[in-house]
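The structure appears right after this line, and notes come after that.
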2 protein chains.
Amino acid sequence: MHDIAAAAGVSRGTVSRVLNGGYVSATARAAIERAIREVGYVPNTAARNLVMQRSQAIGFIVLEPHSLFLEDPNIGGIMLGANSTLSAADYQMVNLVVDSERDTARITRYLSGGFVDGAIIVSARTHDPIIQVVGSLALPSVFVGHPRDLHPDIPYVGIDNLASAEEITRRLLATGRRRIGMIAAAVDRDSGADRLAGFQQALGPLYDETLVADVPLYDFACGAKGMRTLLEREPEIDGVFAASDAVAAGAMEALREAGRAVPADVGVVGFDDSSWASRTRPTLSTVHQPADDIGAYAADMVLRQLKGEQITRRGVLLPSPIVWRDSA
Amino acid sequence: MHDIAAAAGVSRGTVSRVLNGGYVSATARAAIERAIREVGYVPNTAARNLVMQRSQAIGFIVLEPHSLFLEDPNIGGIMLGANSTLSAADYQMVNLVVDSERDTARITRYLSGGFVDGAIIVSARTHDPIIQVVGSLALPSVFVGHPRDLHPDIPYVGIDNLASAEEITRRLLATGRRRIGMIAAAVDRDSGADRLAGFQQALGPLYDETLVADVPLYDFACGAKGMRTLLEREPEIDGVFAASDAVAAGAMEALREAGRAVPADVGVVGFDDSSWASRTRPTLSTVHQPADDIGAYAADMVLRQLKGEQITRRGVLLPSPIVWRDSA
DNA sequence: TTGTAGGCGTTATCAA
DNA sequence: TTGATAACGCCTACAA
């Protein structure tokens with residue numbers, strides 16, 4: 001900046017004023033702008049951050065080893081939703097992936113180092129050390145999903161997994177099925193646990209523990225495996241609630257192998273309303289996750305904290321309506 | 001830092017030395033470390049960046065509006081590959097999504113503002129303004145893929161789309177097919193154009209322009225649509241090279257609707273070896289993209305530039321072997 | 001081994 | 001409307 005101040009024959013203060021808006025004469029402005037163009041000058045953000053005490057960037061942190069980024073159909077939508085809101089407010093969304101122990105330490109430094117003014121944290125797991133870090137850092141932030149041990153000062157946004165699971169199970173029941181099973185995935189996370197709880201609640205006395213197959217991940221392969229287990233345990237099974245669409249697609253594959261027709265022999269419902277849902281044959285009845293809205297809402301909550309607004313509601317659950325198609 | 005220097009009864013210089021390594025007595029170190037722990041002090045990265053002139057962060061930039069992040073099966077693998085290499089070198093990977101005009105401007109600022117020491121740019125399209133920015137910024141960087149108008153000083157890493165397309169088409173020919181078509185996607189990108197060129201080269205005199213269906217995206221829906229077009233134009237078609245696995249999956253769906261058996265009536269081959277490939281029935285013969293290696297290699301190239309190494313080779317093409325399964 | 005002091009590139013406050 | 005000048009928080013010679 002020194003150079004361009006010299007080139008334009010003014011002081012650095014004046015240069016700063018044309019950059020950030022302020023009283024400056026037309027002649028001075030013209031000279032400065034020309035100099036900027038000629039030199040190809042770009043302000044140094046580190047210096048600006050230092051004095052301004054902000055970075056105009058928001059972290060979008062995915063606390064998930066490896067798989068989630070590749071498999072979870074919602075994460076991309078949430079990201080894009082957040083990005084468009086942040087972008088409109090002229091904030092840079094900075095996406096950080098946690099894929100190892102080493103990453104965790106580095107991200108902690110990053111978060112506390114003034115690189116970002118706030119954070120959107122997509123966390124599935126309970127007991128993540130980052131949760132504590134953010135809590136003690138007083139960094140304006142918001143969680144997507146809500147781990148059980150979430151710091152009470154940090155708001156969250158998500159959907160009501162339990163209620164939606166309950167609702168779609170009821171709907172499946174209403175088609176006349178009587179031996180309904182569930183392929184429960186990732187029950188160590190809040191979403192997985194809630195979906196299972198909703199299923200159980202909907203079934204009430206009809207709930208039969210042997211009709212629940214536990215699988216570790218929300219993916220296709222696990223779905224197929226879970227379905228085979230279920231078929232083995234109860235050949236008379238006539239309905240399945242899969243914990244996600246990918247799981248449902250895997251289940252349908254296993255049903256096809258076993259010679260069962262969907263929905264004639266077995267009704268299948270999923271969760272997410274991801275691209276899987278419209279690609280299966282028959283198309284999948286499922287719960288719609290408003291990924292875009294979730295991302296946008298999360299971004300908005302961080303932005304509001306940045307403006308000094310007091311967040312009163314601890315959490316928000318966005319509506320996740322059922323989309324009924326042909327698989328049940 | 002002032003506070004903890006005071007608390008430990010030393011000067012700020014000494015504190016800095018325990019933080020960054022340097023001569024400091026055991027007693028002083030102990031006192032300082034205790035103070036740090038008690039106060040919960042974390043160094044301000046903006047200040048450090050300013051004086052050090054580096055951020056220890058590398059940008060991973062995806063120049064793709066919206067869809068790519070959700071649809072491209074390789075992007076996640078490339079990202080994870082890059083992240084593990086960067087992480088091992090103690091660099092923070094910072095992921096930036098370009099989703100609008102507005103984003104482009106902001107990211108330009110970000111890149112030139114000292115937020116990152118280097119960049120990995122995943123670009124598919126030609127003529128992206130960012131290409132110019134990076135070129136003129138002299139920011140150590142590398143492209144994944146190689147846009148035709150890439151700045152000559154910036155190295156790239158990718159695969160040989162043309163040769164691989166040619167090879168798998170030959171392989172399809174070798175199964176005895178004679179009316180082979182292609183569903184060409186995204187021909188406005190280098191990858192799309194190269195795959196089409198490879199197809200054409202393999203077919204030689206057998207190449208028939210009417211057997212090429214152009215679709216805009218590498219996705220399932222486009223694949224189905226492209227296949228329908230092809231079937232309409234040439235009912236006798238007995239082989240199809242789909243520009244990606246997702247496209248191939250869509251094509252197989254359309255073939256099923258049309259009552260054609262795969263591979264008995266029509267042989268299908270894809271490209272990418274993504275998760276699609278093993279989920280289709282029959283499983284897909286395709287070209288394997290070493291996404292992880294591409295990411296790791298790209299990261300390594302940036303790191304080497306940062307170490308001051310001179311990059312001699314302009315670009316590197318990693319091997320992309322054919323994986324032959326059941327669809328042809 | 002330690003303290004002192006200059007400088008990194010901006011913004012912001014105050015006089016002028 | 002402008003120019004000095006003091007921060008911002010840290011690193012690093014240099015001197016002690």
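Reminder, nothing fancy here: chain letters follow the sequence lines and each chain counts from 1.
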Separation of C:dT1 P from B:R17 CZ (nearest whole Å): 11 Å

Would you say B:Q53 places a side-chain N or O within less than 4.0 Å of OP1 or OP2 belonging to D:dC11? no

So, OP1 or OP2 of D:dC10: does either fall under 4.0 Å of a side-chain N or O from B:Y41? yes

Under 4.0 Å between any heavy atoms, over every strand shown, what does B:N49 touch: base, sugar-phosphate, or nothing? Just pick one. nothing

Separation of A:I32 atom CD1 from D:dT1 atom C1', in whole Å? 11 Å

Any base atoms under 4.0 Å from B:S16, or only sugar-phosphate, or nothing? Heavy atoms, all strands. base

D:dC11 phosphate, OP1 or OP2, under 4.0 Å from B:N20 side-chain N/O: yes

Over all strands shown, is B:V51 touching base, sugar-phosphate only, or nothing at heavy-atom distances under 4.0 angstrom? base

Rounding to a whole Å, what distance do you find between B:M1:CE and D:dC10:P? 5 Å

Report yes if a side-chain nitrogen or oxygen of B:T14 is closer than 4.0 Å to either non-bridging phosphate oxygen (OP1 or OP2) of C:dG3; otherwise report no. yes

Separation of D:dG3 P from A:R12 CZ (nearest whole Å): 12 Å

Closer to the 5' end of DNA chain C via nearest nucleotide, is it B:A26 or A:V15? B:A26

Return yes when atom CZ of B:R34 has more than 12 non-hydrogen atoms of other residues, nucleotides or ligands closer than 6.0 Å, and no otherwise. no

Within this structure, what is the OH-CD distance for the pair A:Y91 and A:Q56, rounded to the nearest 0.5 Å? 4.5 Å

Among D:dG9, D:dC10, C:dT10, find the nucleotide with the atom closest to the side chain of B:R48. D:dC10

Contact class for B:A28 vs. all strands (heavy atom < 4.0 Å): base, sugar-phosphate, or nothing? sugar-phosphate

Determine whether a donor-acceptor pair (N or O, by modelled atom type, separation under 3.5 Å) exists between the side chain of B:D194 and the backbone of B:N161. no

How long is the span from the CE atom in B:M79 to the CG atom in B:D292, to the nearest 0.5 Å? 11.5 Å

Starting at atom CD of A:Q56, determine the distance to atom P of C:dT10, rounded to an integer number of angstrom. 17 Å

Considering all heavy atoms of both residues, which atom of A:A298 and which atom of A:V142 are nearest to each other, and what is their separation? O-CG1, 3.4 Å

Once you round it to whole Å, what is the distance between C1' of D:dT12 and CZ of B:R54? 13 Å

So what does B:V18 touch, heavy atoms closer than 4.0 Å: a base, only the sugar-phosphate, or nothing? nothing

Protein-nucleotide distance (B:M52, atom CE; C:dC8, atom P), rounded to Å: 15 Å

What integer distance in Å separates B:N44:CG from D:dC10:P? 6 Å

